[in-house]
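In each ligand, atom 1 is the first atom listed, and ligand 1 is the first ligand listed. No hydrogens, no waters, no symmetry mates; every other heavy atom, side chains included, goes into these values.
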Amino acid sequence: MELHGDPLAGLTNWAGNHAYGAARIHEPQSIEELQEIVRDTRPLRVLGSRHSFNDIADTTGHLLSLRLMPRVFELDRAAGTLTVDGGVRYGEFAGALDAAGFALNNLASLPHISVAGACGTATHGSGDRIGNLATAVSALDVVTADGETTVFARDGDTEAFNGAVVSLGGLGVVTSLTLDLQPTFQMRQDLYEHLPLDGAVANFDEITASADSVSLFTDWSEPVVDQVWLKRRVPDGDTFEPPPDFFGATIATVPIHPIRRMSTAALTEQLGVPGPWHERLPHFRMDHMPSSGAELQTEYLIPREHAPDALLAIDGIRDRFASVLQISEVRTIASDDLWMSTAFGRASVAFHFTWQPDWGAVRRVLPDIENALAPFDPRPHWGKVFTMAPETVRSSYAKLPQFAALLERHDPTGKFRNAFLSRYIFAA
Ligand SMILES: Cc1cc2nc3c(=O)[nH]c(=O)nc-3n(C[C@H](O)[C@H](O)[C@H](O)COP(=O)(O)OP(=O)(O)OC[C@H]3O[C@@H](n4cnc5c(N)ncnc54)[C@H](O)[C@@H]3O)c2cc1C
């Protein structure tokens, strides 16, 4: 079904920095309709909730949105799993999941993103012991280039599954995902202000181990981490009282936005008030604008043992990029086995940058940051902007040849291939 005559005029990603170059968009309302589109159309890419900052979702041919597909919410209490459709956003079902007594292990900073788009790009939250969002996936249904459905399951062909979950949109249309669950839990967020950078460097492991999910926010304007966010599970009968001091930082007594000039109305509740996991793990509320709204984002993941040196390396060049920056966030992510995951095979620390929405200026400073992180083998977030040479990106993924072969096996004519995949996966 075609959506409009000229459906793509003006359609951009969430940030507005990328106008999709596809000729048409299709919005099927049933699996049969979707399969017919896949059979008859090429080249083709799936659009998630459009929160990526680069051309990863784009194509010169046809886009497919799963926005109008029937929502799926199949809870298997005995197995502890939830199967959802390939178009749903986390914030659309998290409340119902909580009400049913279950939780996901983690969420990103915002609940607005689609599960398929987030998992397909290795989107992550924070937590020393928690993998990225894709690590919760135990099975995927994918409509591949021939229009047929292929199931990839963790307890089936594990190799293919490990390649399929973070697919960068290249394998086909993910029409459903099965996610691991755990019993629902409550969390609290306690914030601290003004952590001296040398304290962060000297105590990095202790700091990130001090809660279930930890974020360090800084604008690098001085050698100080402006805010430390500690998200902690609250078991029944918990009597935890946060100390007033945390490695030299002071406990916050009012809510704070990572970008201090922004309204705190957009934030999930802080100041230690316990609440459900899905209203504490994300920084931002579903019914509000996340982050600053006018921005570009970049993020690099490196092996976490390099965190102290990398903090110092970036601090050493802060004068070069501080004027273009709105805020930086440092998070940790557990290692995983998913071939194209930015945390594949290594416990990681992520250095995130929310930039002013000025690509010309951002493009000039990115090489400085990439050079500063180069000794640590940085992997750029697949959904954000970066300038690293494609061959450098490719060289960081040991399973990249197997991933390319997996895509070729399921899509021999390159129906789901786009410029992004040609640059970062297939170039010789
Ligand atoms: C304000 C903001 C905050 C963010 N915070 C975080 C954060 O905390 N942590 C983090 O890691 N990232 C974060 N991101 C980045 C974001 O999570 C990723 O860009 C993610 O891919 C967005 O998902 P999406 O549904 O918008 O995907 P899109 O950008 O629409 O698509 C991404 C990729 O997924 C593919 N895709 C989508 N749906 C399907 C499907 N059903 N089948 C096959 N392929 C599909 C697309 O083809 C494309 O290749 C943030 C982005 C924004 C704008």
Side-chain angles (χ1 to χ4, degrees), residues 11-18 20 22 28 34 38 43-59 63-67 69 84-91 106-126 132-134 140-144 164-177 213 215 258-259 266 281-284 288-301 326-327 329 331 333 340-343 348 350 352 354 357 379-385 411 416-421 424-425:
L11 184 67
T12 69
N13 62 345
W14 174 87
N17 69 308
H18 182 83
Y20 295 103
L34 184 152
V38 173
L44 180 65
R45 292 288 292 186
V46 189
L47 210 50
S49 59
R50 296 183 286 118
H51 283 78
S52 294
F53 290 85
N54 57 35
D55 61 346
I56 187 169
D58 209 356
T59 169
L63 282 170
L64 187 71
S65 164
L66 276 57
R67 195 174 60 96
M69 289 287 286
V84 295
D85 59 280
V88 75
R89 301 161 182 243
Y90 285 96
N106 211 354
L107 290 170
S109 68
L110 74 176
H112 308 66
I113 49 179
S114 79
V115 179
C119 294
T121 56
T123 288
H124 60 89
S126 190
N132 65 33
L133 306 190
L140 292 170
D141 280 5
V142 184
V143 173
T144 50
V165 181
V166 181
S167 73
L168 313 178
L171 194 56
V173 186
V174 175
T175 53
S176 83
L177 306 95
S213 167
S215 292
I259 304 169
L281 282 168
H283 306 333
F284 304 106
H288 280 72
M289 165 78 80
S291 197
S292 95
E295 65 195 72
L296 297 174
Q297 293 187 10
T298 295
E299 192 165 31
Y300 304 99
L301 279 79
Q326 301 195 58
I327 196 68
E329 181 177 10
R331 290 175 280 186
I333 302 99
M340 299 313 293
S341 164
T342 41
S348 298
H352 163 91
T354 298
R379 293 176 180 160
H381 191 306
W382 293 114
K384 302 187 179 181
V385 292
D411 182 15
F416 289 98
R417 205 179 281 195
N418 66 357
F420 186 94
L421 290 183
Y424 298 112
I425 304 301

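A tilted orientation is assigned to the rings of H112 and H51, their planes being inclined by 30° to 60°.
At under 3.5 Å, a nitrogen or oxygen of R50, whether backbone or side chain, sits near a nitrogen or oxygen of ligand 1. Taking only nitrogen or oxygen atoms, main chain and side chain alike, G86 reaches within less than 3.5 Å of ligand 1. Of the N or O atoms in H124, one or more lie within a sub-3.5 Å distance of an N or O in ligand 1. Between G48 and ligand 1, a contact under 3.5 Å exists for at least one N or O pair. Ligand 1 has no N or O atom lying under 3.5 Å from any N or O atom of I113, backbone or side chain.
Nearest non-hydrogen protein atom to atom 14 (N) of ligand 1 is K384 CE, 3.7 Å. Looking only at heavy atoms of the protein, atom 32 (C) of ligand 1 is closest to S52 OG, 3.5 Å. Among all protein heavy atoms, the one lying closest to atom 21 (O) of ligand 1 is T121 OG1, 2.8 Å. In terms of protein heavy atoms, atom 4 (C) of ligand 1 is closest to L110 CD2, 3.4 Å. Atom 44 (N) of ligand 1 has its closest protein heavy atom at G169 CA, 3.7 Å. Among protein heavy atoms, the minimum distance from atom 25 (O) of ligand 1 is reached at S114 OG, 2.6 Å. For atom 46 (C) of ligand 1, the closest heavy atom belonging to the protein is V46 O, 3.0 Å. Of the protein's non-hydrogen atoms, the one nearest atom 49 (O) of ligand 1 is R45 NH2, 3.0 Å.
Interface of A118 with ligand 1, defined as ligand atoms under 4.0 Å from a residue heavy atom, comprises 23 (O). Annotation for ligand 1: atoms under 4.0 Å from non-hydrogen atoms of A116 are 38 (N), 39 (C), 40 (C), 41 (N). When each atom of ligand 1 is checked for a heavy atom of V173 under 4.0 Å away, the hits are 42 (N). The contact set between ligand 1 and W14, taken as ligand atoms under 4.0 Å from a residue heavy atom, comprises 1 (C), 53 (C). Near Q297, meaning under 4.0 Å from one of its heavy atoms, ligand 1 places the atoms 1 (C), 2 (C), 3 (C), 4 (C), 50 (C), 51 (C), 52 (C). Within ligand 1, the atoms closer than 4.0 Å to a non-hydrogen atom of L168 are 49 (O), numbered from 1 in the order shown. Contact atoms of ligand 1 toward I56: 49 (O) (distance under 4.0 Å to a heavy atom of the residue).
Side-chain contact between L47 and R67 is absent, with no heavy atoms from C-beta onward closer than 4.5 Å. Between V174 and V46 the shortest side-chain heavy-atom distance does not fall below 4.5 Å. Looking at heavy atoms from C-beta onward, Y424 lies out of side-chain contact with P380 at the 4.5 angstrom threshold.
If you check each of G170, G117, S126, G293 against atom 34 (O) of ligand 1, the one with the closest non-hydrogen atom is G117. Looking at H51, H283, R331, H352, it is R331 that brings a heavy atom closest to atom 8 (O) of ligand 1.
A distance of 7.5 Å separates OG1 in T144 from CZ in F416, rounded to the nearest 0.5 Å. Here T59 contributes atom OG1 and Y20 contributes atom OH; the two are 12.0 Å apart, rounded to the nearest 0.5 Å. Considering OG1 of T123 and NZ of K384, their distance stands at 7.0 Å, rounded to 0.5 Å.
With a 4.0 Å cut-off on non-hydrogen atoms, A57 touches ligand 1 through its backbone as well as its side chain. By the criterion of a heavy-atom distance under 4.0 Å, the side chain of L66, and not its backbone, is placed next to ligand 1.
When only modelled atom types and interatomic distance are considered, T342 and N132 share no side-chain donor-acceptor pair under 3.5 Å. Using modelled atom types and a 3.5 Å distance limit, the side chains of E295 and Q297 yield a donor-acceptor pair.
The backbone N or O of D58 sits less than 3.5 Å from a side-chain atom of N418, completing a donor-acceptor pair. Distance alone, capped at 3.5 Å, is enough to place a donor-acceptor pair between the S292 side chain and the A294 backbone. Judged by distance alone, with hydrogens and angles left aside, the side-chain atoms of W382 form no donor-acceptor pair with the main-chain N or O of V166 at under 3.5 Å. Formation of a donor-acceptor pair under 3.5 Å by the N106 side chain with backbone atoms of S126 is found in this model. Of the possible donor and acceptor atoms, one in the side chain of S49 sits under 3.5 Å from a partner among the backbone N and O of S114.
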ask   = Yes or no on side-chain contact (heavy atoms from CB on, under 4.5 Å) for S109 and H352, after CA distance, side-chain angles and deciding distance?
value = CA-CA 12 Å; S109 68; H352 163 91; over 6 Å; no

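Under a 4.0 Å heavy-atom criterion, F53 is in contact with ligand 1. Residue contacts with ligand 1 do not include R89, since none of its heavy atoms lies under 4.0 Å from the ligand. In this structure, G172 is part of the shell of residues with a heavy atom less than 4.0 angstrom from ligand 1. Proximity of S109 to ligand 1 is established by a heavy-atom distance of less than 4.0 Å.
With sequence neighbours left out, P282 forms a side chain to side chain contact (heavy atoms under 4.5 Å, CB included) with L107, P111.
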